[in-house]
Protein chains: 2
Amino acid sequence: MDTADDLRDSLVQVSFAVTALLSRVAAEQDLSLTQLRVLGILRDREPTMAELATYLGLERSTVSGLIDRAAQRGLVRKTTHPDDARSVRVSLTTEAQSLATLVIAGIGELMAPLTDRLNSSEQKRLTVLLSNLLGR
Amino acid sequence: MDTADDLRDSLVQVSFAVTALLSRVAAEQDLSLTQLRVLGILRDREPTMAELATYLGLERSTVSGLIDRAAQRGLVRKTTHPDDARSVRVSLTTEAQSLATLVIAGIGELMAPLTDRLNSSEQKRLTVLLSNLLGR
DNA sequence: TATTGTTATACTCTATAACTATA
DNA sequence: TATAGTTATAGAGTATAACAATA
């Protein structure tokens, strides 16, 4: 009925569609959606466990298990911080970096059928509107 | 770099933001995101277990547990189909219908700070573009 | 035989609480 | 005392495989 309600519905629907798509791409590489997010975050950062927990919006204990499993699979490496012996830095292995590149390409491919429904100028307008929504 | 890449990134970011928001609203009512989806689906449908599994994109066995827990909480009701004794129809209880209305209002409230960043005509344009993306 | 749904099993994700080690 | 991280525990979500009942 309301303009804002219509927008809210569209946003929720698109989010579910994108999430399903991301889950599929992740599953192809035997990754969970959370592990996919970890890969994305660690692509340009080497955070501590606590920082990673903040990025993910999860408890530190949850991230401990998450990173342990990822390390066991050879996806991440844990190194002790030289300045603070309590701190642990997490980083991607080179294998995981390749995997991340692969997965991102996969996302692009799966998303193309959607984005291709819009022409180039529509794509640009949509990107601008979504960026504004996210606060620039 | 590419226009399509920018759009892909915006869509993924928006999806994560919306998902986080939905999870928060759900958690306020002690619901998981999946249970929230179930509520949304059952608001205008009374599907069988198999149909519900298709809507959710989950295995039938998964939905069995999901609906069992929801039934135990008094959110849904299972009734046997009169024409096919194998089939089970799932429907919301009246309490759950009220809960669904409440939750949807909560989503609107939490989403308002985002959508309010756009003026009315921008909201309409965004809605149209997202609808086109989803295939009308 | 095929379909609907459940059960058994196993694993991941998640949080809370209690703990260790370091600061 | 406070902070970083782990461990123990418990529960939800998920899939696969095997099953029962019905068609």
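Keep in mind that this is a model prediction, so the values were computed, not measured. Proteins get letters first, then strands, A, B, ... in listed order; numbering begins at 1 in each.
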In whole angstrom, what separates [X]'s [atom1] from [N]'s [atom2]?
X	N	atom1	atom2	value
A/Asp68	D/dA4	CG	P	18 Å
A/Leu36	C/dT12	CG	P	17 Å
A/Arg60	D/dA2	CZ	P	14 Å
A/His81	D/dA4	NE2	P	12 Å
B/Glu51	C/dT3	CD	P	15 Å
B/Leu56	D/dT14	CG	P	8 Å
A/Ile67	C/dT12	CD1	C1'	14 Å
A/Arg73	C/dC11	CZ	P	15 Å

Counting side-chain heavy atoms from CB outward, which of [options] is closest to [X]?
X	options	result
A/Met49	D/dG5, C/dT22, C/dA15	D/dG5
B/Arg69	C/dG5, D/dG5, D/dA12	D/dA12
A/Glu59	C/dT16, D/dA15, D/dT7	C/dT16

So does [X] get a side-chain nitrogen or oxygen closer than 4.0 Å to the phosphate oxygens (OP1/OP2) of [N]?
X	N	result
A/Ser87	D/dG5	yes
A/Ser32	C/dC13	yes
B/Lys78	C/dT6	yes
A/Thr48	D/dA4	no

Are the charged groups of B/Asp68 and B/Lys78 less than 4.0 angstrom apart, N to O? yes
Pair A/Ile67-A/Val38, side chain to side chain contact (heavy atoms under 4.5 Å, CB included): steps then yes or no: CA-CA 9 Å; A/Ile67 292 303; A/Val38 169; 4.2 Å; yes
Can you tell me how far the CG atom of B/Leu133 sits from the CG atom of B/Leu11, to the nearest 0.5 Å? 6.0 Å
How long is the straight-line distance from OG of A/Ser87 back to CD of A/Glu51, given to the nearest 0.5 Å? 7.0 Å
I'd like to know if B/Phe16 and B/Leu33 are part of one continuous hydrophobic network [Ile/Leu/Val/Met/Phe/Trp/Tyr, side-chain heavy atoms within less than 4.5 Å]. yes
Hey, does the side-chain of A/Ser61 have a donor or acceptor N/O within less than 3.5 Å of a partner on the base of C/dT14? no
Taking A/Val25 as the fixed residue, which of A/Val103, A/Ile104, A/Leu102 is the one that meets the side chain to side chain contact (heavy atoms under 4.5 Å, CB included) rule? A/Val103
For A/Thr34 and A/Arg86, find the nucleotide of DNA chain C closest to each by heavy atoms; which residue's nucleotide sits nearer the 5' end? A/Thr34
Assign each of B/Thr62 and A/Leu66 the nucleotide of DNA chain C bearing its closest heavy atom; nearer the 5' end lies the nucleotide of B/Thr62
Considering heavy-atom distances to DNA chain D, does A/Arg89 or B/Leu58 have its closest nucleotide positioned more toward the 5' end? A/Arg89
For A/Thr115 and A/Gln123, which heavy atoms make the closest approach, and how far apart are they? O-NE2, 3.0 Å
So, A/Thr48 versus A/Arg89: side-chain donor-acceptor pair below 3.5 Å or not? no
DNA chain D contacts made by residues 14-31 of chain B, counting heavy atoms under 4.0 Å: none
